[in-house]
Amino acid sequence: MFSRLVFGLGLLSATALVHPALAADARTLQIIVSKDKQSLAVYDGTEVVATSKVSTGKDGHTTPSGIFSVLEKQKYHESNLYSAAPMPFMQRLTWSGIALHESNSVPRYPASHGCVRMPGAFAKMLYGMTDPGVPVIISDGELIPQPIDHPTLFHPDAPAAMPLLSDVELRPSMPDSPEKPVQVAMNDTAAMPMPAAPPIAAPEPEPPSEPVSMLVTRRTLRETVIDIQTLLNQLGFSAGNPDGLLGPSTVQAIKAFKTLRPAEFAGGRSLVSDTLLREVYAAAGKGEPPNGIIMVRQAFNPIFEAPVTIADPGLALGTHFFTLHAIDEKAGTADWLGITLENNLSRETMKRLGISNQESSIITGKPIARSLSRITIPDETRRKIDALIAPGSTLTISDTGLGRETGEGTDFITITRG
C-alpha cells in the first residue's frame with residue numbers, strides 16, 4: 001500500500017503543480033479532492049506535492065463525499081454504466097462506480113456522472129504515483145492534514161533497555177602488585193597460518209510491513225448479537241456460531257436465558273435489547289458491556305475486531321481520518337496526521353445510534369482531540385495493534401459504522417454526503 005513517487009517529475013501544465021524535489025524512495029501519500037474548489041491535491045505528510053483542477057459530479061449525479069482508497073487501477077477502462085465511455089488511467093474508489101480518471105472535458109465545474117475527472121497529463125502522472133490502498137478524501141470544502149499527537153493514537157513499542165548487571169562481582173583486570181610478573185599463554189602461530197576470516201554476508205533487508213486500516217465506531221446490532229451468542233455459548237445455552245445473525249439457535253438460547261430471569265425481562269417485547277446485553281454480560285462475569293468497536297483490515301482483508309468504550313455516547317463523535325506518516329521504532333514514536341470531515345447526521349440516524357446531541361462544535365475548535373479522548377481501547381488490543389502499524393496505516397473514527405460501500409476488497413469506506 002505504500003505510494004511510490006517517480007523521480008524527476010517536473011511541471012506538467014498550468015493546471016498541475018508537481019513538487020520539483022521529489023525523490024525516488026517510497027513515500028506515504030493521500031489525495032484530497034475539494035468539490036467546492038473543483039481541485040485535487042496530493043499530500044506527502046503536510047507537504048503538497050501535486051495539484052490539479054478536476055470536474056466532479058453534476059446535479060443528479062453528485063460525487064459522494066467521504067473517505068475512500070484506491071481499490072483497483074486500469075490504464076484503460078470503459079464505463080460499465082454509461083455506454084462504455086472511455087476512462088483512461090482509472091483508479092477505482094468504490095465497486096459501485098466512483099473513480100478517478102482522465103477526461104478530455106475538465107471545465108473546473110461539476111460535469112461528470114459521479115466520477116472525478118482529471119486532465120490527461122495529470123491523470124497519467126497520478127496513476128504512476130499511487131498504489132492500491134492510497135487514501136482518497138473527497139469533501140465539499142478544502143481540507144489540510146495536520147500533525148496530531150494524542151495518547152489514544154497507536155505507536156510502536158520502544159525496545160526495552162538492557163538492564164545493568166548490578167549483581168555481578170567485578171574483578172580488576174590488572175595484577176595486585178605491579179612488580180609481580182604475569183605469565184601469558186601464547187600460541188605459536190609461525191607454523192600455523194591463521195585461516196582467512198569468512199566473508200560476512202550483508203543482512204537481507206526486511207520487507208516493509210503492510211499498513212493496516214482501522215475503524216473505530218459505535219457497536220451495531222451485529223456486534224451486540226455476536227457478543228450475546230459468544231457469552232450464551234459460554235454459559236451453556238447453545239446459541240450457535242457467533243455470526244451476528246438471529247438464527248433459530250440464537251433465538252431459542254435468548255428465550256431460554258430470559259425464562260430464567262422473568263423479573264428482569266417482564267413486559268419486554270424486543271428480543272435483543274440493552275437490558276439483555278447487560279444481563280448476559282453480568283451472568284458471564286464480564287462487567288459493563290462496551291458500546292464501541294475497533295475493526296482492523298490489512299490489504300483489504302479483515303484481520304480482527306475488538307470492543308472499545310466510547311464516553312458520553314449521547315454526543316456525536318464526528319468523522320475524523322488519520323494517516324501514519326512515519327514511525328521511529330527505536331524511540332517508539334509515530335507521526336500521525338489528521339483531518340475532520342463535516343458529517344451532519346439525519347434525525348433518523350441519530351435516533352438509531354442513540355445520539356441526542358450533534359453540536360456544531362464537532363467540526364470546530366479541537367474536535368479531533370475531544371473525540372480521541374472519549375475512546376478507551378483495552379491494553380491487550382492496543383498492544384496487538386501497536387505491533388501491526390506501519391507507515392501508511394490509517395484510522396477512521398465515525399458514528400455511522402462500516403457504511404454500505406465497505407465490503408470485500410475494500411478498506412473502510414465512510415460516506416459523509418451522498
Side-chain angles (χ1 to χ4, degrees), residues 1-3 28-33 64-72 91-96 98-100 130-139 143 145 148 152-154 210-223 226 244 290-308 310 316-325 336-343 345 349 353 368 371-372 375 377 381-382 384-385 388-418:
M1 289 196 205
F2 289 122
S3 305
T28 305
L29 302 183
Q30 58 180 320
I31 298 168
I32 298 181
V33 176
S65 299
I67 302 165
F68 310 86
S69 60
V70 174
L71 307 179
E72 178 189 44
Q91 303 193 55
R92 183 184 298 279
L93 304 184
T94 71
W95 293 113
S96 62
I98 305 300
L100 310 170
T130 63
D131 288 334
V134 64
V136 180
I137 313 301
I138 301 176
S139 69
L143 298 175
I148 302 295
T152 299
L153 294 172
F154 303 98
E210 190 80 2
V212 295
S213 60
M214 297 166 281
L215 171 68
V216 171
T217 188
R218 296 168 184 269
R219 287 162 63 91
T220 64
L221 179 62
R222 168 185 170 271
E223 288 81 45
I226 287 175
N291 56 7
I293 187 170
I294 183 167
M295 305 178 185
V296 183
R297 292 190 173 196
Q298 192 172 50
F300 300 149
N301 295 311
I303 300 299
F304 75 94
E305 55 189 57
V308 301
I310 301 171
L317 281 170
T319 302
H320 314 283
F321 182 70
F322 306 86
T323 55
L324 180 52
H325 182 59
W336 286 93
L337 304 169
I339 56 175
T340 295
L341 288 78
E342 184 174 358
N343 189 7
L345 305 177
T349 300
L353 298 176
I368 287 181
S371 291
L372 286 171
I375 298 168
I377 301 172
T381 301
R382 179 175 294 281
K384 191 172 182 178
I385 294 176
L388 288 173
I389 59 171
S393 295
T394 63
L395 169 65
T396 300
I397 295 175
S398 172
D399 289 295
T400 53
L402 286 172
R404 65 183 181 273
E405 293 287 357
T406 302
E408 293 186 8
T410 75
D411 277 331
F412 298 109
I413 298 176
T414 300
I415 304 296
T416 57
R417 187 188 296 273

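- Within the model, atoms CE of Met214 and CD1 of Ile303 stand 12.0 Å from one another, a figure rounded to the nearest 0.5 Å.
- Put simply, CG on Asp131 and CG on Leu29 are 9.0 Å apart, with the number rounded to the nearest 0.5 Å.
- Between Pro145 and Ile32 the shortest side-chain heavy-atom distance falls below 4.5 Å.
- Minimum interatomic distance between Ile148 and Gly338 (heavy atoms only, all atoms of both residues): CG1-N, 3.5 Å.
- Closest approach of Glu210 and Gln298 over heavy atoms only: O-NE2, 2.9 Å.
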Pair Leu402-Met295, side chain to side chain contact (heavy atoms under 4.5 Å, CB included): steps then yes or no: CA-CA 9 Å; Leu402 286 172; Met295 305 178 185; 3.4 Å; yes
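- Side chains of Thr410 and Arg297 form a contact here, defined as non-hydrogen atoms less than 4.5 Å apart.
- Remark: the backbone N or O of His320 is not paired with any side-chain donor or acceptor of Thr340 at under 3.5 angstrom.
- Residues Ile389 and Ser393 approach most closely at CA-OG, 3.8 Å, considering heavy atoms.
- Between Pro135 and Thr394 the shortest heavy-atom distance is CG-CG2, 3.9 Å.
- The two residues Gly392 and Pro211 have their closest heavy-atom pair at C-CB, 3.5 Å.
- Thr220 contributes atom OG1, which lies 9.5 Å from atom CG of Leu353 (distance to the nearest 0.5 angstrom).
- Of all non-hydrogen atoms in Trp95 and Leu71, the two that sit nearest each other are NE1-CD1, 3.7 Å.
- Residue pairs meeting the salt bridge (charged side-chain N to carboxylate O under 4.0 Å, His left out) criterion with at least one partner in residues 211-222, sequence neighbours excluded, are Arg218-Asp399, Arg219-Asp227, Arg222-Glu305.
- With sequence neighbours excluded, the residues forming a side chain to side chain donor-acceptor pair (under 3.5 Å) with Thr94 are Ser96, listed by chain and number.
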Begin from the C-alpha positions of Leu341 and Ile67 and carry the test side chain to side chain contact (heavy atoms under 4.5 Å, CB included) through to its verdict. CA-CA 9 Å; Leu341 288 78; Ile67 302 165; 4.0 Å; yes
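- Residues forming a side chain to side chain donor-acceptor pair (under 3.5 Å) with Thr414 (at least two apart in sequence, or on another chain): none.
- You'll find the side chain of Phe322 reaches within 4.5 Å of the side chain of Leu372, heavy atoms only.
- Atom CZ of Arg417 has 12 or fewer heavy atoms from other residues, nucleotides or ligands within 6.0 Å.
- Within the 4.5 Å cutoff, side-chain heavy atoms of Ile294 are placed close to those of Thr381.
- Atom CD1 of Ile31 is separated from atom CD1 of Ile137 by 9.5 Å, given to the nearest 0.5 angstrom.
- Legend: residues meeting side chain to side chain donor-acceptor pair (under 3.5 Å) with Thr349, ordered by chain and number and at least two apart, are Ser346.
- Using modelled atom types, one side-chain atom of Ser371 and one backbone atom of Leu317 make a donor-acceptor pair closer than 3.5 Å.
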Verdict with supporting geometry, Leu388 and Phe304, side chain to side chain contact (heavy atoms under 4.5 Å, CB included): CA-CA 12 Å; Leu388 288 173; Phe304 75 94; 3.9 Å; yes
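- Thr217 contributes a side-chain N or O that, together with a main-chain N or O of Gly401, makes up a donor-acceptor pair within less than 3.5 Å.
- When side chains are defined from C-beta on, Ile377 counts as touching Phe154, because their heavy atoms get closer than 4.5 Å.
- With sequence neighbours left out, Arg404 forms a side chain to side chain donor-acceptor pair (under 3.5 Å) with no residue at all.
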Test log, rule side chain to side chain contact (heavy atoms under 4.5 Å, CB included), inputs Asp411 and Phe68: CA-CA 8 Å; Asp411 277 331; Phe68 310 86; over 6 Å; no
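- The OG1 atom of Thr319 sits 7.0 Å away from the CG atom of Leu345 when rounded to the nearest 0.5 Å.
- Ile385 contributes atom CD1, which lies 11.5 Å from atom CG of Leu153 (distance to the nearest 0.5 angstrom).
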